[in-house]
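Only one structure is covered here, and it is reproduced in the block below.
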2 protein chains.
Amino acid sequence: MSRAHRTGNSPPTTIRDVARSARVSTATVSRVLAGLSVVSKPLSKRVHAAARTLNYQPNRIARSLRARTTRIAGVLIPNIQNPFFPGVIRGIQDVLQAADYTVLLGNSDYDPARERKYLDLLRAEGVGGLVLVPDAASKKAYREFLALGLPMVTVDQCVPDLAVDSVTVTNAEGAALVVRHLLAVGHRRIAIVTGPKDAFTATERLAGYRAALTEARQPRDPSLIAHVPFRPEGGYEAAGRLLSLPAPPSAIFATGDGLALGVLRAVHERGLHIPRDVAVVSFDDLPWAAALQPPLTTISQPTYELGATAARLLLERIRDPARPVQRVRLQTRLEVRLSCGAQGRGAMKTNTAARVDD
Amino acid sequence: MSRAHRTGNSPPTTIRDVARSARVSTATVSRVLAGLSVVSKPLSKRVHAAARTLNYQPNRIARSLRARTTRIAGVLIPNIQNPFFPGVIRGIQDVLQAADYTVLLGNSDYDPARERKYLDLLRAEGVGGLVLVPDAASKKAYREFLALGLPMVTVDQCVPDLAVDSVTVTNAEGAALVVRHLLAVGHRRIAIVTGPKDAFTATERLAGYRAALTEARQPRDPSLIAHVPFRPEGGYEAAGRLLSLPAPPSAIFATGDGLALGVLRAVHERGLHIPRDVAVVSFDDLPWAAALQPPLTTISQPTYELGATAARLLLERIRDPARPVQRVRLQTRLEVRLSCGAQGRGAMKTNTAARVDD
DNA sequence: TTGTACGCGTTATCAA
DNA sequence: TTGATAACGCGTACAA
């Protein structure tokens with residue numbers, strides 16, 4: 001009696017309720033609903049009917065306990081507030097949800113300790129797999145996770161000598177595209193503001209920058225290369241230094257839109273005009289890049305696809321843990337707008353934009 | 001033998017392993033680790049030692065099955081890609097994680113069907129509570145969730161006649177701040193671009209706009225009010241219409257930075273100068289607002305605190321399901337920058353900025 | 001204070 | 001083909 005009117009919520013229907021209602025055993029109900037085993041037509045019908053009328057939903061927790069794994073996938077991101085990630089998360093989620101997986105999201109905040117803690121938590125929650133934007137610092141933790149036999153996929157960044165599926169973009173090629181375009185438009189002193197030396201994307205983009213310069217037989221001035229944290233403040237500080245150089249650059253390539261925000265601030269504070277006094281180009285193409293004045297020329301990344309692909313890789317690995325490691329590269333694309341000076345440098349106008357677009 | 005070298009991963013240690021190692025019963029282990037019941041010193045010590053050396057982590061799934069609830073909290077957001085939400089999520093996550101809760105994140109995409117599905121899923125995963133950015137469309141689904149006795153908190157938006165804890169900001173007051181400032185700076189034809197009529201924040205901000213106009217005894221021109229979807233395209237379209245008016249506004253108040261992005265594009269496309277030809281003010285103060293040229297004057301919202309407060313309310317409600325409903329309002333703040341024409345309108349310069357800042 | 005034993009809701013094994 | 005029953009790992013009556 002006291003149970004009956006508890007808080008007004010009736011206890012959820014279990015497999016036993018369905019079994020009783022259909023006058024079969026719980027085993028039969030399970031078999032019918034799993035659809036694997038063969039059950040006779042009449043019983044099957046009765047079970048389905050009972051399940052429907054009782055609005056039976058299998059208890060995922062009990063199922064997990066039994067199966068020793070859940071249909072939950074962990075997603076571990078260094079910083080949700082970086083506007084690059086939401087698109088990725090979205091892609092991951094859409095694909096996983098379609099496969100009846102739920103997403104458990106974590107934020108490591110670029111802190112190895114926090115990351116570690118989250119990894120443990122995910123394990124404890126019994127996740128069936130993990131999509132991860134790795135941080136160079138915690139290779140050991142990843143190894144442990146992998147050693148447990150848990151499926152794992154890396155997005156955006158790679159952990160060099162870890163045999164794990166990964167999805168990244170063509171960082172070097174994208175950076176080279178930028179530099180080639182800048183050269184074509186007439187720039188000669190091109191600076192690069194990139195992330196920490198141990199960050200995979202920072203390194204690759206820097207490599208692309210160098211390659212493009214070499215390929216054009218341009219000198220490489222080390223003072224035009226800045227390594228800073230991947231945040232607006234980093235870009236601000238780096239741009240400040242670069243613009244104070246005796247021979248300042250005529251173009252600054254920020255390898256991320258966050259960085260570019262800081263670069264822009266430094267440029268504006270000095271009253272410099274973009275692109276007349278200095279061109280600014282970036283990497284990411286976040287939604288606001290086109291709204292800036294002048295609109296920002298950037299490398300566009302397929303964030304959604306990055307996530308969706310990672311999720312697909314994860315599902316495949318869950319299905320077949322023994323399959324060979326896959327390393328997928330997604331294409332980047334140069335979005336030529338005005339901040340690079342494509343149309344603003346008088347005699348130097350070129351049709352690079354058209355050339356690049358195709 | 002075949003089990004022994006499975007995939008190289010030893011089976012996780014259970015409470016039984018600890019019990020055996022400490023030469024006590026599983027019940028004692030459970031009691032010691034829960035710390036509720038009283039256990040004698042020596043046994044307690046042995047248990048702790050055993051647990052530590054075996055690196056025992058209680059299985060959360062088994063625990064959930066037993067407790068009929070999990071230490072997972074659901075978070076349901078209409079759209080992660082809206083840069084307003086990551087800050088909120090971050091706040092939620094920090095607080096919940098500190099309380100040993102994990103966050104299960106969902107994206108409804110403003111689609112009631114998807115939202116519905118996610119709500120069901122969260123229930124199936126046995127979440128212990130829910131933090132929700134509600135969508136007017138699915139009031140019924142929320143009611144059901146609540147009827148199940150599941151703790152729930154609403155952020156950013158309110159569901160008017162639903163008795164549920166909520167955290168929102170002072171939308172009307174913020175909007176009024178904007179309008180008063182624009183009036184003080186000399187604007188008379190002030191347009192507002194806001195969200196759909198059934199969106200709580202859109203309505204409140206519109207109310208603030210109206211109130212400020214009335215309070216200053218200014219006429220209200222209905223053609224200066226635009227309701228559009230809360231996305232850049234909406235802002236673009238609305239601004240286009242407004243600027244084509246026979247008597248166009250001298251200032252446009254976009255009630256969200258996403259909207260402002262579209263407004264800005266429309267203004268730029270017409271070759272209009274901000275703030276000389278038209279002022280633009282916004283709501284949210286996303287990280288890039290200050291990097292625009294001119295820097296965007298906006299109402300700043302405490303996104304992180306919004307999330308953190310919601311999480312705290314949720315924890316409190318979980319602890320005490322019977323406590324009275326709490327509706328918390330967080331303060332907004334006007335960030336006066338240049339897009340409003342505070343310093344750009346010659347004779348109309350005022351010291352509003354200083355007045356507002358304190 | 002400690003231990004035994006049951007049940008949470010499933011699925012899988014074994015007999016019938 | 002179907003049903004009884006034993007796990008999965010934990011917490012907690014209840015008994016000792």
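Throughout, protein chains are lettered first and strands after them, A, B, ... in sequence-line order, and every chain is numbered starting at 1. Note that these values count all heavy atoms, side chains included, but never hydrogens, waters or copies made by symmetry.
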*How does protein reach along nucleotides 8-16 of chain D, written 5' to 3' as B (base within reach of a heavy atom under 4.0 Å), S (only sugar-phosphate), or - (no contact)?*
BBBBBB---
_Using the side-chain contact (heavy atoms from CB on, under 4.5 Å) definition, which of the options B:Val103, B:Thr69, B:Ile72, B:Val75 pairs with B:Val127?_
B:Ile72
*Between B:Tyr304 and B:Asp94, does any side-chain donor sit less than 3.5 Å from a side-chain acceptor?*
yes
_Polar side chain donor-acceptor pair, B:Glu115 to B:Tyr142, under 3.5 angstrom_ = yes
*So does B:Glu144 pair up with B:Arg116, basic N to acidic O under 4.0 Å?*
yes
_DNA chain C: 5'-most and 3'-most nucleotides touching chain B, 4.0 angstrom heavy-atom criterion_ = C:dT1 to C:dG9
Taking the side chain as C-beta and beyond, is there a heavy-atom pair between [X] and [Y] under 4.5 Å?
X: A:Asp156; Y: A:Phe200; answer: no
X: A:Leu119; Y: A:Leu130; answer: yes
X: B:Val29; Y: B:Val24; answer: yes

